[in-house]
Amino acid sequence: MEEATGMHVRDMIAGEADALGLVMFRAIHDGYSDYTKAQRIAWCAMPPEGEGWAAKLAAQDVRVAEALGAPVGFISRDRAYVDLAFVLPGWQGRGVFSMLLTEPKRTPAWRGYVVCGCMRR
């Protein structure tokens, strides 16, 4: 595994929801998946965007992995549970998800959250 370099984890910034929707869409459609193409389309036919998507993320605690000035992954927490976690295909296998999963635990708001249903290759 080639570790991600020059990457850091930060809070989501205002106006970033659509970019995170594209990260989610690309992770689902362009990355490794145990799901068929039809299943992936049924799950996420288009990149999430707009006011509804922005409101969903704004209501959660969202941490973003950034590299080269752009999001390469994100994780969101809804109360005590991880709701969303996606990494761009080109950044998968480089420690981004591990960083997203472990770094927030260092902050009081993320202590004690629960991860359910994580897929592993």
Side-chain angles (χ1 to χ4, degrees):
M1 168 189 351
E2 177 190 342
E3 293 296 318
T5 57
M7 184 192 67
H8 64 279
V9 176
R10 58 166 173 75
D11 289 328
M12 181 180 80
I13 56 177
E16 187 172 46
D18 287 354
L20 299 182
L22 189 55
V23 169
M24 177 178 165
F25 181 81
R26 289 194 51 215
I28 292 168
H29 290 279
D30 300 337
Y32 169 82
S33 180
D34 286 331
Y35 296 100
T36 67
K37 184 175 181 176
Q39 289 171 322
R40 288 179 276 146
I41 289 170
W43 176 20
C44 183
M46 299 291 294
E49 61 182 10
E51 292 179 19
W53 172 245
K56 174 183 174 65
L57 293 183
Q60 298 185 3
D61 292 317
V62 181
R63 301 289 286 162
V64 176
E66 180 182 287
L68 307 172
V72 297
F74 73 98
I75 189 169
S76 72
R77 180 177 64 95
D78 183 9
R79 295 179 299 270
Y81 294 90
V82 169
D83 182 35
L84 303 167
F86 295 97
V87 175
L88 286 174
W91 287 86
Q92 292 173 7
R94 298 173 66 186
V96 177
F97 182 74
S98 294
M99 189 175 212
L100 282 167
L101 195 58
T102 58
E103 191 276 340
K105 289 183 183 180
R106 297 180 185 145
T107 62
W110 278 77
R111 287 192 187 117
Y113 71 94
V114 178
V115 180
C116 297
C118 288
M119 287 179 41
R120 290 228 177 236
R121 285 194 240 181

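Numbers here simply count residues along the sequence, with the first being 1. Bear in mind that the values here come from a model prediction, so they are computed numbers and not experimental data.
Nearest heavy-atom pair, A17 versus A54, reported as atom, atom and distance to 0.1 Å: CB-CA, 3.7 Å. F74 and L100 make their closest contact through N-CD1, 3.6 Å (heavy atoms, listed as atom of the first residue, atom of the second, distance). For the residue pair D18 and G50, the shortest heavy atom distance occurs at OD1-N, 2.9 Å. The minimum heavy-atom distance between P71 and E16, with the atom names listed, is CG-OE2, 3.4 Å. Here the closest heavy-atom approach between residue V96 and residue V72 is recorded as CG1-CG2, 4.3 Å. Closest approach of H29 and R40 over heavy atoms only: O-NH1, 3.3 Å.
Between the CE atom of M12 and the CG atom of D61 there is a distance of 10.0 Å, given to the nearest 0.5 Å. In this structure, the separation between CG on D34 and CD on Q39 is 9.5 Å, given to the nearest 0.5 Å. In this structure, Q60 CD and I75 CD1 are separated by 10.5 Å, a value rounded to the nearest 0.5 Å.
L20 and F25 fall into different hydrophobic clusters, defined by Ile, Leu, Val, Met, Phe, Trp and Tyr side-chain heavy atoms under 4.5 Å apart, directly or through other members. Hydrophobic clustering places V82 together with W53 (ILVMFWY residues linked when any side-chain heavy atoms are closer than 4.5 Å, directly or through intermediates). Linking ILVMFWY residues whenever their side-chain heavy atoms come closer than 4.5 Å, directly or via other members, leaves L84 and L22 in distinct clusters.
Using cut-offs of 30° and 60° for the angle between ring planes, the W43 and F86 rings count as tilted.
Of the charged side-chain nitrogens involved, at least one lies within less than 4.0 Å of a carboxylate oxygen, so that R63 and D11 count as a salt-bridged pair.
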